[in-house]
Amino acid sequence: QVQLVESGGGLVQVGGSLTLSCAASGHTFHPYGAAWFRQAPGKEREFVAYIATSGGTTIYADSVKGRFTASTDNDKNTVYLRMSSPRPEDTARYYCAGRKTGGSVRLATTNDYWGQGTQVTVSS
């Protein structure tokens, strides 16, 4: 049984920082990597970041580029998302996702496994 478990969410102030973690069991993020998505109330789930577990290539949504950093610990089969300089518009539930094959990393539909999400609230 595949489980992705996110943690690290909470309340953070503008200008602060927060690191989300996603640990997988029953699935390895290698070699297809992992992605982070988020969903705010009343909005569609949107792509945030992707990290390849081979080579560490990262891809970011324009809205978070330069502020968020995705990383991975392959030994722990865990991926991270460090949120620096968060903004109120970053408030959302954050989900990590894993995949069994390749495909566009920005599309939610190309991911096979999802965690339950962790809530991030940014206060001004």
Side-chain angles (χ1 to χ4, degrees):
Q1 183 180 359
V2 176
Q3 278 193 316
L4 304 184
V5 180
E6 301 97 335
S7 60
L11 180 65
V12 61
Q13 291 188 328
V14 169
S17 64
L18 199 65
T19 299
L20 309 181
S21 302
C22 175
S25 59
H27 167 71
T28 176
F29 288 127
H30 185 78
Y32 293 107
W36 289 94
F37 287 77
R38 66 187 181 187
Q39 188 167 17
K43 295 188 176 182
E44 292 187 352
R45 190 167 297 189
E46 65 173 355
F47 170 77
V48 176
Y50 167 82
I51 181 161
T53 51
S54 294
T57 297
T58 51
I59 300 171
Y60 298 98
D62 288 343
S63 59
V64 306
K65 197 175 296 181
R67 299 188 298 119
F68 290 10
T69 304
S71 61
T72 179
D73 185 332
N74 290 346
D75 291 338
K76 295 182 178 180
N77 202 27
T78 299
V79 295
Y80 306 92
L81 183 69
R82 179 167 177 80
M83 305 171 61
S84 300
S85 301
R87 304 166 181 168
E89 54 264 38
D90 294 321
T91 294
R93 192 164 186 84
Y94 284 71
Y95 299 86
C96 75
R99 56 182 55 234
K100 296 186 291 186
T101 60
S104 175
V105 300
R106 294 177 183 267
L107 295 179
T109 54
T110 61
N111 292 279
D112 299 287
Y113 308 114
W114 293 87
Q116 293 300 306
T118 185
Q119 178 67 35
V120 173
T121 302
V122 183
S123 64
S124 56

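In this structure, the ring-ring contact (aromatic ring centres under 6.0 Å, His included) partners of Y113, at least two apart in sequence or on a different chain, are H27. Applying the side-chain contact (heavy atoms from CB on, under 4.5 Å) test to S123 and every residue at least two apart in sequence or in another chain returns L11, Q13.
Panel note: side chain Y60, backbone A70; a donor-acceptor pair is recorded below 3.5 Å. A distance-only check finds a donor-acceptor pair linking the side chain of N77 to the backbone of A24 [under 3.5 Å]. With R38 contributing its side chain and A92 its backbone, the two residues share no donor-acceptor pair below 3.5 Å. Here the side chain of T91 pairs a donor or acceptor atom with the backbone of V122 at under 3.5 angstrom.
Contact detail for L81 and A49: the closest heavy-atom pair is CD1-CB, 4.1 Å. Summarising the geometry of V14 relative to R87, their closest heavy-atom pair is CG2-CA, 4.5 Å, with the distance given to 0.1 Å. Counting all heavy atoms, side chain and backbone alike, K43 lies closest to Q39 at O-NE2, 3.0 Å. Here the shortest heavy-atom pairing between L4 and C22 reads CB-SG, 4.0 Å. Minimum heavy-atom separation, T53 to F29: OG1-O, 3.3 Å. Nearest heavy atoms, R106 versus I59: NH2-CG2, 3.3 Å.
Between the CD atom of E6 and the OH atom of Y94 there is a distance of 12.5 Å, given to the nearest 0.5 Å. Interatomic distance, D112 CG to K100 NZ, rounded to the nearest 0.5 Å: 5.0 Å. Atom CG of D90 sits about 10.5 Å away from atom CG of L18, to the nearest 0.5 Å. To the nearest 0.5 Å, the span separating SG on C96 from OH on Y50 amounts to 13.5 Å.
Remark: D62 engages K65 in a salt bridge, criterion side-chain N to carboxylate O under 4.0 Å.
Relative orientation of the F37 and F47 rings is perpendicular, given thresholds of 30° and 60° on the angle between their planes.
The environment of CD in Q116 is sparse: at most 12 heavy-atom neighbours from other residues, nucleotides or ligands sit within 6.0 Å. The number of heavy-atom neighbours closer than 6.0 Å to CD of E89, taken from other residues, nucleotides and ligands shown, is above 12.
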| task | Quick one: do Y80 and D73 satisfy side-chain contact (heavy atoms from CB on, under 4.5 Å)? Show the steps, please. | result | CA-CA 8 Å; Y80 306 92; D73 185 332; 3.9 Å; yes
| Full working for side-chain contact (heavy atoms from CB on, under 4.5 Å) between M83 and W36 | CA-CA 12 Å; M83 305 171 61; W36 289 94; over 6 Å; no
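L20 pairs in a side-chain contact (heavy atoms from CB on, under 4.5 Å) with only one of the listed residues (V48, V120, V79), which is V120.
Side chains of T110 and R99: a donor-acceptor N/O pair is present below 3.5 angstrom, by distance only.
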